Amino acid sequence: MVHKGRFVFAAAVVTMGLGLSACNSDEEGSAAQDSPAASAPAPAPAPASSEPSSGSTTAGSDDGAAPAEGDVTAPGTKLAVGDRAVLPFEYTSQKKGTIAVTVTAIEKGTEADMAAFGDKAKGMTPYFIKMKVENVGGTDLSYASLKLDGVLEGGGGTGVVLIGGLPGKCDNETAPSEFTTKGASYETCALSATKTSPVTAAAFDEGDAYSDSPVVWSD
């Protein structure tokens, strides 16, 4: 299970708009950096299917096109890199719906890549979680941002939260203005880092249903 408890420390890099904070890690310090985060409303229990249908939501509905039972990937589903998961998504109370996420790669960077984060990031190795995000429900999700968490070999959390990306290596993109219709898609990257074991998986753990039973993609 990915550990989600947090205590706080941070370093901000103004020129790049980046921040760094650690979670429950004695070795990696403490700090807080607030940012909008994707969270998921709790869906009704669904069969454990890693490739659900994405065609049953209604575009433009007032309730954010909440999917019917069985239409989203069940909490706790284990997937391989390259697999697609359909997930309930809430960025703000006005921007919510259903998305599909395909993790396309988990790439290891170098300690030198973390120089932009300053001394607090010394000894950390970054990992770049690259993904494709699709609008399944057809609701207005323009400018929303999605972040997946890195998972260490063995299943533990990294203990580090990184806000932003590394230009040219891990470009953390928000949804474009046209991400408002069913079938719209874009690509983005979530930055993770560790001082200990390697990152071998990525987790979607937002919302009550997924916080204790995330959907996990692994190599």
Side-chain angles (χ1 to χ4, degrees), residues 2 4 6 17-19 21 23 33-43 50 52 54 57 64-67 71-75 77 79 81-107 126-151 157-158 160-167 169-193 199 201-211 213-218:
V2 180
K4 289 186 59 78
R6 302 200 162 142
L18 302 178
S21 66
C23 326
Q33 178 84 30
D34 292 328
S35 67
S39 64
S50 61
S54 61
T57 55
D71 287 342
V72 297
T73 302
T77 299
L79 302 172
V81 169
D83 288 344
R84 179 176 182 266
V86 177
L87 301 163
F89 177 78
E90 183 174 341
Y91 186 62
T92 68
S93 59
Q94 287 76 41
K95 289 188 181 290
K96 55 185 176 180
T98 309
I99 59 173
V101 179
T102 304
V103 174
T104 57
I106 301 174
E107 299 176 355
Y127 286 81
F128 313 139
I129 301 169
K130 299 185 177 182
M131 71 193 92
K132 177 182 178 181
V133 184
E134 304 167 63
N135 189 330
V136 172
T139 55
D140 182 357
L141 297 173
S142 56
Y143 309 111
S145 178
L146 173 70
K147 181 157 179 17
L148 300 183
D149 292 331
V151 181
T158 65
V160 178
V161 173
L162 294 166
I163 299 168
L166 292 174
K169 293 180 180 291
C170 187
D171 294 307
N172 182 243
E173 305 286 354
T174 57
S177 59
E178 62 270 21
F179 199 65
T180 59
T181 58
K182 188 174 181 178
S185 67
Y186 72 102
E187 295 183 358
T188 186
C189 180
L191 181 62
S192 186
V199 170
F204 175 86
D205 55 8
E206 299 297 336
D208 293 341
Y210 295 89
S211 60
S213 298
V215 172
V216 176
W217 293 260
S218 56

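Just the heavy atoms: all of them, side chains too, but no hydrogens, waters or symmetry mates, feed the values below. What you see is a predicted model; the values in this text were computed from it and never measured.
- Side-chain N or O atoms of Trp217 include none that pairs as donor or acceptor with a backbone N or O of Thr102 at under 3.5 Å.
- Across Asp205 and Pro214, no two heavy atoms sit closer than the pair CB-CB, 3.7 Å.
- The two residues Val216 and Ala201 come nearest to each other via the heavy atoms CG1-CB, 3.7 Å.
- Between the side chain of Lys147 and the backbone N or O of Leu191, at least one donor-acceptor pair lies under 3.5 Å.
- Using a 4.5 Å heavy-atom cutoff, the side chains of Phe128 and Leu166 are in contact.
- The shortest non-hydrogen separation linking Ala85 to Leu79 is CB-CD1, 3.7 Å.
- Atom CD of Glu90 and atom CD1 of Ile99 lie 12.0 Å apart (nearest 0.5 Å).
- Annotation: side chain of Val86 is not in contact with side chain of Asp71 (no heavy-atom distance under 4.5 Å).
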Run Asn135 and Thr181 through side chain to side chain contact (heavy atoms under 4.5 Å, CB included) and show every step you take.
CA-CA 7 Å; Asn135 189 330; Thr181 58; 5.9 Å; no
Trace of the side chain to side chain contact (heavy atoms under 4.5 Å, CB included) decision for Leu87 with Val72:
CA-CA 5 Å; Leu87 301 163; Val72 297; 5.9 Å; no
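- Considering every non-hydrogen atom in both Lys182 and Val136, the closest pair reads CG-O, 3.3 Å.
- A donor-acceptor pair under 3.5 Å is absent between the side-chain atoms of Thr174 and the main chain of Tyr143, judged by distance alone.
- In this structure, the side chain of Ser192 does not engage the main chain of Asp149 through any donor-acceptor pair within 3.5 Å.
- At least one donor-acceptor pair under 3.5 Å links the side chain of Asn172 to the backbone N or O of Cys189.
- With rounding to the nearest 0.5 Å, the separation of CD in Glu107 from CD1 in Ile129 is 11.0 Å.
- Lys95 and Ser142 are linked by a side-chain donor-acceptor pair at a separation below 3.5 angstrom, with hydrogens and angles left out of the test.
- Of all heavy-atom pairs between Tyr91 and Ser145, the closest is CE1-N, 3.3 Å.
- The shortest side-chain heavy-atom distance between Tyr127 and Thr158 does not fall under the 4.5 Å cut-off.
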Decide yes or no on side chain to side chain contact (heavy atoms under 4.5 Å, CB included) for Leu146 and Phe204, but give the supporting numbers first.
CA-CA 9 Å; Leu146 173 70; Phe204 175 86; 4.0 Å; yes
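- Taking all atoms of both residues into account, the shortest heavy-atom contact from Arg84 to Glu134 is NE-OE2, 2.9 Å.
- Here the options are Leu141, Val101, Thr98, the test is side-chain contact (heavy atoms from CB on, under 4.5 Å), and the partner is Phe89; only Leu141 passes.
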